[in-house]
Undergrad: 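Here you go, one structure.
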Amino acid sequence: MADATPIRPIPADQITEWAYEADVVVAGFGVAGASAAVGAAQAGADVLVLERTGGWGGAAAMAGGFIYMGGGTPVQKACGFEDTVDNMKAFMKAALGPGVDEAKIDIYCEGSVDHYHWLVDECGVPFKMSFWGEPGWEPPGDDGLQYTGGENAAPFNATIPPAPRGHVPQMQDKHVSSEKGGGFMLMKPLTDKAAELGVRSAYDMRVQALIVDADGRVVGVQAKQYGKDVAVRARKGVVLATGSFAYNNQMLESYAPKMVNRPAASIEEHDGRAIRMAQALGADLAHMDAAEVAFFCDPQLFIRGILVNGRGQRYINEDTYPGRVGQATLYENHNQSFLVIDEESYEEGMTKPTSSPQLRHQPKWVAETVEELEAEMGLPAGTLQATVDVYNQHAENGEDPLFGKKAEWVKPIGSPIAAIDLRGMTGGFTLGGLRTNTDSEVLHVSGEPIPGLFAAGRCTSGVCAGGYASGTSLGDGSFFGRRAGITAAKA
């Protein structure tokens with residue numbers, strides 16, 4: 001919910017005491033904040049990180065851990081995949097739009113292999129040189145590479161040579177969607193590296209407002225620590241890295257109303273405070289309506305059937321990235337979805353390995369014929385029958401001319417036939433935020449950088465403008481977080 005604490009910038013001449021001081025002050029100790037801290041410290045700055053909770057990690061530590069990297073990383077090469085910077089650019093510009101920041105994508109792709117080596121060689125993030133090729137949200141084991149954006153599915157695979165770019169840190173005894181997910185093995189090395197470099201941290205620090213000097217330069221932040229107001233001075237710059245606004249219903253109602261009350265892969269601290277703080281100083285925003293939308297069904301199941309909307313019509317190729325399925329369901333089909341699947345395919349899917357057994361739902365309706373199933377589901381007579389007839393007609397030849405589903409997943413739907421009720425089974429997090437440039441400087445509505453203010457991660461609008469691929473949050477946050485720290489240190 002929204003915080004009623006005053007958010008307007010505070011003049012520096014009103015500060016009577018600085019409780020903390022550093023060259024670079026970073027707000028937030030998730031992936032963007034940790035990367036900013038390491039980047040700034042490596043550039044020679046004295047760094048202080050302010051964290052709202054009692055420890056580092058943020059949402060990143062609980063994430064699956066994908067970092068979107070490509071252009072020929074060692075993991076890609078070891079797994080036998082060829083990738084180029086140009087192909088990576090082409091895919092990201094096609095899949096993450098419309099309206100992507102092309103300059104950000106260009107520099108992100110051109111620096112991707114270097115970023116991999118920074119994570120591995122300088123920060124100690126481990127990757128296993130193995131590929132996970134099964135359908136799923138993430139590998140159930142410790143494999144290091146997976147397709148995470150629909151690169152190998154229609155419509156992208158027809159024009160852009162596909163390559164997997166979802167790199168996940170290797171971790172033993174991994175527990176998906178918990179503190180022991182792959183994201184932990186990204187955050188632990190990053191925070192260890194920060195500590196090694198002398199980065200200081202202060203916890204239970206809730207940033208409230210920016211502090212500015214007479215020239216309009218950001219010179220610190222006001223925060224609450226253990227209920228007491230404290231001022232923190234930044235000699236060179238402040239980096240905002242406090243996450244999205246997925247838990248701020250007031251902001252969601254204004255910018256992304258379809259996401260109200262459906263946060264997922266987020267934490268309650270994602271309240272949009274940093275965005276509001278910068279707005280109060282005249283910061284520009286971008287793509288505030290954009291969101292990643294998870295689809296709460298195991299891909300091992302829905303890839304083997306067909307997804308239909310409330311009118312009994314197919315609306316997407318079921319072999320694409322599940323996040324694209326979620327967006328299409330929520331945004332284009334009124335959050336109405338049903339998985340239609342025959343008994344043989346359902347039982348096959350239930351036996352396959354998965355990282356998300358909790359998303360393996362039981363059918364709600366079962367029938368011998370499509371006509372009977374259609375009636376039980378309450379669909380208009382003939383609608384589902386027409387959909388299945390058309391699908392089966394082409395599936396006999398291993399084809400899907402409507403959506404381009406790959407032949408290996410195209411199979412006529414037989415009998416008995418069932419439907420799983422997936423209405424309302426979506427959730428996610430926001431992708432829009434502060435408009436920044438490629439050096440992670442926060443931009444004023446005039447287009448000029450706000451002196452002394454930098455930002456990275458989900459409080460900014462990064463490489464995603466509408467579409468999404470798993471790994472672009474941790475990839476974008478770590479890549480531009482590092483740049484934010486370096487730029488702030490040189491300010």
Side-chain angles (χ1 to χ4, degrees), residues 66-71 83-112 115 147-166 244-246 252 255-259 265 275 284-295 315-317 319-333 403-404 426 428-438 440 443 447 455-477 479-480:
F66 281 120
I67 307 133
Y68 201 82
M69 297 182 288
D83 193 19
T84 68
V85 170
D86 287 343
N87 287 342
M88 185 181 180
K89 287 181 183 180
F91 173 77
M92 293 184 73
K93 291 175 182 180
L96 305 184
V100 295
D101 186 328
E102 294 200 5
K104 277 187 178 177
I105 288 179
D106 285 346
I107 200 167
Y108 182 84
C109 295
E110 290 161 7
S112 186
H115 190 57
Y147 281 104
T148 59
E151 299 89 345
N152 60 336
F156 310 111
N157 61 351
T159 56
I160 306 168
R165 302 187 184 97
S244 74
F245 60 99
L252 290 175
Y255 299 113
K258 289 188 177 182
M259 296 301 296
I275 298 173
D284 199 6
L285 306 178
H287 303 297
M288 293 292 283
D289 61 334
E292 155 68 341
V293 184
F295 187 63
Y315 60 93
I316 198 166
N317 48 311
D319 62 343
T320 191
Y321 167 55
R324 293 183 63 81
V325 176
Q327 288 183 324
T329 302
L330 178 62
Y331 293 147
E332 301 169 17
N333 290 281
F403 294 101
T426 57
F429 53 87
T430 55
L431 299 174
L434 299 171
R435 189 184 295 276
T436 55
N437 60 20
T438 56
S440 300
L443 300 180
R458 282 279 67 88
C459 68
T460 71
S461 176
V463 295
C464 297
Y468 191 77
S470 283
T472 50
S473 282
L474 299 185
D476 176 86
F479 185 89
F480 288 102

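The first residue in the sequence is number 1, and the count goes up from there. Below, each value reflects all heavy atoms present in this structure, side chains not excepted, and no hydrogens, waters or symmetry copies.
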Undergrad: Backbone N or O of S461 within a donor-acceptor pair of the K104 side chain at under 3.5 Å?
TA: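 Pair found, side chain donor or acceptor close to backbone of S461.
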Undergrad: Between L434 and L285, is there a side-chain heavy-atom distance shorter than 4.5 Å?
TA: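 Side chain of L285 against side chain of L434, heavy atoms only: contact under 4.5 Å found.
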Undergrad: Hey, what's the ring geometry for F156 with F91, parallel, tilted or perpendicular (30° and 60° as the breaks)?
TA: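 Perpendicular.
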Undergrad: Any side-chain heavy atom of F480 within less than 4.5 Å of one from T460?
TA: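 Not touching, per the 4.5 Å side-chain cut-off.
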Undergrad: Which pair of heavy atoms, one from G70 and one from R165, lies closest together, and at what distance?
TA: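 Result for this residue pair: CA-CD, 4.1 Å.
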Undergrad: Are the side chain of Y321 and the backbone N or O of S470 linked by a donor-acceptor pair below 3.5 Å?
TA: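 Indeed, once roles are kept as given, a pair shorter than 3.5 Å links the two residues.
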Undergrad: Give me the atom names and distance for the closest heavy-atom approach of P98 to A465.
TA: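 Minimum heavy-atom contact is O-CB, 3.3 Å.
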Undergrad: Looking at every heavy atom in both M88 and G71, which two are closest together, and how far apart are they?
TA: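 Minimum heavy-atom separation between M88 and G71: SD-N, 3.9 Å.
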Undergrad: When you measure from the side chain of Q327 to the backbone of E332, do you find a donor-acceptor pair of N or O atoms at a distance under 3.5 Å?
TA: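 Absent.
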Undergrad: Taking the six-membered ring for Trp, is the centroid-to-centroid distance between F429 and Y468 below 6.0 Å?
TA: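 Here the rings of Y468 and F429 have centres that are less than 6.0 Å from each other.
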Undergrad: I want to check something: taking the side chain as every heavy atom from C-beta on, are R458 and T430 in contact at a cut-off of under 4.5 Å?
TA: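 No, side chains not in contact.
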Undergrad: Can you list the steps and then say if S112 with Y68 is a side-chain hydrogen bond (donor to acceptor under 3.5 Å, both in side chains)?
TA: CA-CA 9 Å; S112 186; Y68 201 82; over 6 Å; no
Undergrad: Just how far is it from atom CG of D284 to atom OG1 of T436, taken to the nearest 0.5 Å?
TA: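 Here the rounded value is 10.5 Å.
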Undergrad: Going from NZ on K89 to CD on E102, what distance comes out if it is rounded to the nearest 0.5 angstrom?
TA: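 Answer rounded to 0.5 Å: 9.5 Å.
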Undergrad: Give the minimum heavy-atom separation between A328 and N333, together with the two atoms involved.
TA: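 Between these two residues, the closest heavy atoms are O-ND2, 3.0 Å.
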Undergrad: Can you tell me how far the SG atom of C464 sits from the CD atom of E292, to the nearest 0.5 Å?
TA: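 If we round to the nearest 0.5 Å, C464:SG and E292:CD are 8.5 Å apart.
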Undergrad: Any heavy-atom pair between the side chains of I107 and F479 that's under 4.5 Å?
TA: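 In short, these two side chains touch, coming nearer than 4.5 Å.
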Undergrad: Taking the side chain from N317 and the backbone from A154, do they hold a donor-acceptor pair closer than 3.5 Å?
TA: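 The answer is yes, because a donor-acceptor pair under 3.5 Å joins these two groups.
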Undergrad: To check you understand the geometry: which heavy-atom pair defines the closest contact between A456 and C459, and what is its length?
TA: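 Between these two residues, the closest heavy atoms are O-SG, 3.6 Å.
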Undergrad: Would you say the side chain of D289 lies within less than 4.5 Å of the side chain of Y331, judging by non-hydrogen atoms?
TA: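 With C-beta onward as the side chain, the pair stays apart.
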Undergrad: Please answer whether the main-chain N or O of L443 pairs with a side-chain N or O of N437 as donor and acceptor at a distance below 3.5 Å.
TA: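 Judged by distance alone, no pair lies under 3.5 Å.
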Undergrad: Check whether any side-chain heavy atom of D101 sits under 4.5 Å from a side-chain heavy atom of R435, and report yes or no.
TA: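 No, too far: nothing below the 4.5 Å cut-off.
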Undergrad: Between G433 and M288, which heavy-atom pair has the shortest distance, and what is it?
TA: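 Reported closest heavy-atom pair: N-SD, 3.4 Å.
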Undergrad: Once rounded to the nearest 0.5 Å, what's the spacing between atom CD1 of I275 and atom CZ of F245?
TA: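 One finds 5.5 Å between CD1 of I275 and CZ of F245.
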Undergrad: With the side chain counted from C-beta on, respond yes when N87 and E151 share a heavy-atom pair under 4.5 Å apart, and no when they do not.
TA: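 A side-chain contact under 4.5 Å is absent here.
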Undergrad: So do the side chains of M259 and V293 get within less than 4.5 Å of each other, counting heavy atoms only?
TA: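 Yes, side chains in contact.
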Undergrad: Roughly how far apart are L431 CG and S244 OG, rounded to 0.5 Å?
TA: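 It is 8.5 Å, given to the nearest 0.5 Å.
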Undergrad: Between T472 and A469, is there a donor-acceptor pair closer than 3.5 Å when you use the side chain of the first and the backbone of the second?
TA: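 Present.
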Undergrad: Working to the nearest 0.5 Å, report the span between CZ of F66 and OG1 of T148.
TA: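 Atom-to-atom, F66:CZ and T148:OG1 are 6.0 Å apart.
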